[in-house]
Amino acid sequence: MNNKTDLIVIGAGPAGIQAAVSAAYFGVEVTLIDSCSLPGGQYYKQIPKEFNDEGHNSQHQKANFLFSELKKTSIQFLSNTTVWGIFHNLKSKLWQVAYIRDNHSSQLEAPHIIVATGAYDRSIAFPGWDLPGVMTAGAAQIMIKNQGILPGKKVLLSGSGPLQLATAANLADAGAQVIGVLECGTGLLRKGISHLPTVWGQWERMLEGFGYARSLIKSKVTYKLGWSVIRANGNHKVEEVVIAKIDEKGNPIKESCQSHEIDSLIVGFGLTPSTEFFRLINCKMKYSTAESIYVPERNEYCETSLAGIYAIGDCAGIGGAELAMLEAKIATNRIAWELGFLSKDQILHDSRNLKREQRFARMLAEVFTIPAGLYELADPDTIICRCEQVKLSEVKKAISYGAQSVTDIKNITRSGMGYCQGRTCGSILAHILATETGRTVEESQFLNIRPPVHPLFIERIEENSHSVVTQ
Ligand SMILES: Cc1cc2nc3c(=O)[nH]c(=O)nc-3n(C[C@H](O)[C@H](O)[C@H](O)COP(=O)(O)OP(=O)(O)OC[C@H]3O[C@@H](n4cnc5c(N)ncnc54)[C@H](O)[C@@H]3O)c2cc1C
């Protein structure tokens with residue numbers, strides 16, 4: 001295989017597919033990479049071929065249109081392929097993407113890289129959050145929609161935002177007994193009213209929301225505003241949850257505590273953008289207050305502070321599939337112009353739709369914020385870094401030794417050094433540090449990162465080490 005191309009797109013969700021298709025349409029030579037076997041990402045995830053001959057997507061006409069466009073083009077699609085590093089080749093002056101496929105590590109170079117790696121579930125740590133039977137909303141959705149498996153028979157959902165409504169509806173429709181949905185966001189009605197003009201015109205989303213509400217009403221599911229799970233109990237798996245009403249700051253009101261028997265707890269505290277690659281190559285990052293996380297700085301064409309590296313879709317900030325696909329078109333227009341396939345006056349400026357989608361994304365982030373008090377539910381023995389089994393007491397000890405940032409905590413305790421590379425514990429550590437030192441989460445900074453970004457056997461890297469050139 002030729003190891004040079006015009007454009008490499010990492011991630012075949014709505015953003016990545018749209019980017020690859022638009023670029024190929026202009027004549028740009030594109031390689032699209034995804035770790036899954038089928039394109040679609042999270043929202044347009046396809047049911048595995050083993051379940052259905054067509055690899056059909058249960059949810060979206062738009063998705064099926066994108067898939068058929070993808071088939072029509074000459075795009076090279078590398079499925080079951082995980083990118084583990086991006087490097088700058090000082091000799092060729094091109095960006096180099098290192099990936100693992102069929103157990104072999106290879107690399108591909110291009111002047112332009114579009115990173116469209118999406119997002120993953122945001123977690124908070126509370127006693128019992130690591131018990132079997134406690135899982136995130138995204139994981140539960142994958143089990144139901146893509147594997148046809150119910151995560152449990154008697155289920156409670158706790159968290160914030162529309163994703164958990166969708167998950168609760170999916171669970172109820174699939175036959176689970178959903179004993180309740182707890183929304184930790186406080187003052188939702190007040191916040192929601194001030195954002196009414198933003199919701200106006202979003203008919204498709206509203207219809208989707210009404211569909212979920214109808215399913216929940218039909219199944220008589222209780223929806224509690226200003227409540228949260230505070231503890232999960234069980235011997236070898238979750239058997240009981242303790243829930244409580246919370247105040248404006250997210251602190252549980254003791255007198256309101258209730259216990260419920262369940263066999264599955266689904267937690268959905270929103271999503272976290274996958275920013276690993278931007279941190280790896282030292283893109284400038286900026287703090288997003290609404291999402292309480294660092295995201296890459298971008299210009300009007302979605303280009304990061306590093307020339308040739310673009311960030312689109314949820315990995316640059318949670319915005320949903322529509323915004324992701326708009327950003328894809330904007331970025332690829334710019335790249336097509338840079339490669340001489342388009343003149344400057346042909347560059348797309350869909351600023352009206354872009355602003356509408358950005359406003360909607362901001363509204364969701366502002367309405368469904370996680371109150372800080374929920375980050376203080378863990379007790380000294382609660383595991384914070386699940387991969388390295390680091391307890392809250394050890395994290396606090398590291399802070400008492402003088403840790404000033406989440407990276408300091410990582411260096412002292414090994415938190416964030418394990419299989420998930422801090423994807424789960426990173427933001428929890430930032431909140432603990434902020435609480436313990438009286439500083440802001442922004443001041444806790446973000447976890448630094450080293451290749452390989454995703455775990456792989458070291459001999460696979462050695463096979464190719466002669467060709468990987470670091471900055
Ligand atoms: C678990 C989950 C469930 C969701 N459910 C809903 C829902 O029900 N309704 C809704 O409106 N929105 C939902 N969303 C949000 C919605 O999916 C996103 O807003 C939308 O898909 C964004 O598209 P994207 O292309 O930016 O990212 P994604 O769709 O997340 O696609 C990213 C792709 O990048 C690939 N990837 C990541 N890292 C690598 C790597 N290193 N190497 C190779 N490939 C890589 C992934 O496999 C994935 O296919 C969900 C999000 C998540 C995370």
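One-based numbering, in listed order, for ligands and for the atoms of each. When reading the values below, keep in mind they use all heavy atoms of this one structure, side chains included, and skip hydrogens, waters and symmetry mates.
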Which ligand 1 atoms, with their elements, are less than 4.0 angstrom from a heavy-atom of Ala119? 30 (O), 53 (C)

Residues Met135 and Pro151: closest non-hydrogen pair is CE-CB, 3.6 Å

Any idea which of Leu163, Asp314, Val83 brings a heavy atom closest to atom 40 (C) of ligand 1? Val83

Can a donor-acceptor pair be found between the side chains of Trp84 and Ser105 at a distance below 3.5 Å? yes

Evaluating non-hydrogen atoms only, which member of Arg122, Gln141, Gln42 is closest to atom 5 (N) of ligand 1? Gln141

Any nitrogen or oxygen of Ser35, main chain or side chain, under 3.5 Å from a nitrogen or oxygen of ligand 1? yes

Taking both backbone and side-chain atoms of Ala15, is any N or O found less than 3.5 Å from an N or O belonging to ligand 1? yes

Run the numbers for me: atoms of ligand 1, each under 4.0 Å from some heavy atom of Gly138, listed by number. 1 (C)

Which bit of Thr81 gets closer than 4.0 Å to ligand 1, counting heavy atoms only: side chain, backbone, both or neither? backbone

Near Cys36 (heavy-atom distance under 4.0 Å), the atoms of ligand 1 are 47 (O)

Out of Thr167, Asp34, Leu78, indicate the one that has the non-hydrogen atom closest to atom 49 (O) of ligand 1. Asp34

I'd like to check which ligand 1 atoms, numbered from 1 as shown, lie under 4.0 Å from a non-hydrogen atom of Gly313. 26 (O)

Residues in salt bridge (charged side-chain N to carboxylate O under 4.0 Å, His left out) with Lys72, at least two apart? Glu69

Pairing residues for Glu183 by the salt bridge (charged side-chain N to carboxylate O under 4.0 Å, His left out) criterion, not counting sequence neighbours: none

Is Trp84 touching ligand 1 with its side chain, its backbone, both, or neither, if touching means heavy atoms under 4.0 Å apart? neither

Is there at least one pair of N or O atoms, one from Tyr43 and one from ligand 1, spaced under 3.5 Å apart? yes

Under 4.0 Å between a side-chain nitrogen and a carboxylate oxygen: does that hold for Lys410 and Glu388? no

Note: Gly422 and Leu447 closest approach over all heavy atoms is CA-CD1, 3.7 Å

